[in-house]
Amino acid sequence: MNIAVFASGRGSNFSAIVKAVKKGGIKANLSLLLSDNPQAPVIGRAKRAGIKVALIKREDFSTKDDFEARIIEHLEENKIDLIVLAGFMRLIGPGLLKKYKGRIINIHPALLPSFKGTQGLKEAFNYGVKLTGVTVHFVDEEIDHGAIILQKAVRIEENDTLETLEAKIHKIEHLLYPEAIRLFTEGKLKLEGRKVGISNP
Ligand code: GRF
């Protein structure tokens with residue numbers, strides 16, 4: 001099985017996935033890092049790990065369809081089976097979604113369906129919830145909406161700041177995402193409507 005990670009930024013989740021593949025926790029090839037942002041630190045991480053990089057900038061294409069058609073070319077060329085979104089700051093359009101239905105996953109730094117969107121972590125903190133967490137889910141046509149694969153709760157303590165909460169959330173992400181990818185690659189996830197069944201985890 002061949003995996004592509006899509007990322008636009010820092011890439012700490014990407015590195016956690018690289019590590020899990022190298023250690024044999026995920027038995028699949030991490031074949032491609034695809035980014036839309038030439039400044040993204042994740043590109044350097046991929047190069048250092050010896051993973052092929054595709055940089056595809058939205059501004060080089062007049063329409064989103066053309067942009068995604070180019071992405072699909074790269075995915076097909078590399079025989080990608082699973083797309084892992086790890087801080088990819090673009091919405092996946094209908095063409096790509098249809099082609100990879102049930103084969104695109106995302107990680108979100110809150111307990112969905114609460115605190116959707118790019119500021120979910122901060123909004124949960126500012127709202128004053130006592131419990132937040134991390135969600136890995138399949139991607140569908142709505143933002144942060146697809147069927148939930150795994151969730152893990154994180155308690156917000158009295159002395160937590162946004163920074164300490166971020167650190168706790170990232171630590172959980174780096175465990176939960178490789179675990180969800182392992183389950184997918186081992187064929188243990190069964191997507192039925194909104195529900196994801198997990199067999200012999
Ligand atoms: C993570 O918090 C993830 O939940 C969100 O984007 C962030 C990416 O962080 N979707 P990194 O680039 O993997 O460090």
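For ligands, and for the atoms within them, numbers begin at 1 and follow the listed sequence. Residue numbers run from 1 in the order of the sequence given.
Of the N and O atoms on the side chains of H170 and E173, at least one donor lies less than 3.5 Å from an acceptor on the other residue.
For the side-chain hydrogen bond (donor to acceptor under 3.5 Å, both in side chains) with D36, the lone residue among K57, R90, R58 that qualifies is R90.
Classification of D60 and R70 as a salt-bridged pair fails, no side-chain N sitting under 4.0 Å from a carboxylate O. Between E76 and K99 there is a salt bridge, since a side-chain N of the basic residue sits under 4.0 Å from a carboxylate O of the acidic one.
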Discussion item. Walk me through whether R10 and R45 qualify under side chain to side chain contact (heavy atoms under 4.5 Å, CB included).
Written reply: CA-CA 9 Å; R10 190 171 61 143; R45 290 180 189 249; 3.9 Å; yes
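Near ligand 1, residues R10, G11, S12, N13, G87, I107, H108, P109, H170, E173 come within 4.0 angstrom through at least one heavy atom.
Here the side chains of F138 and F184 are in contact, with some heavy-atom distance below 4.5 Å.
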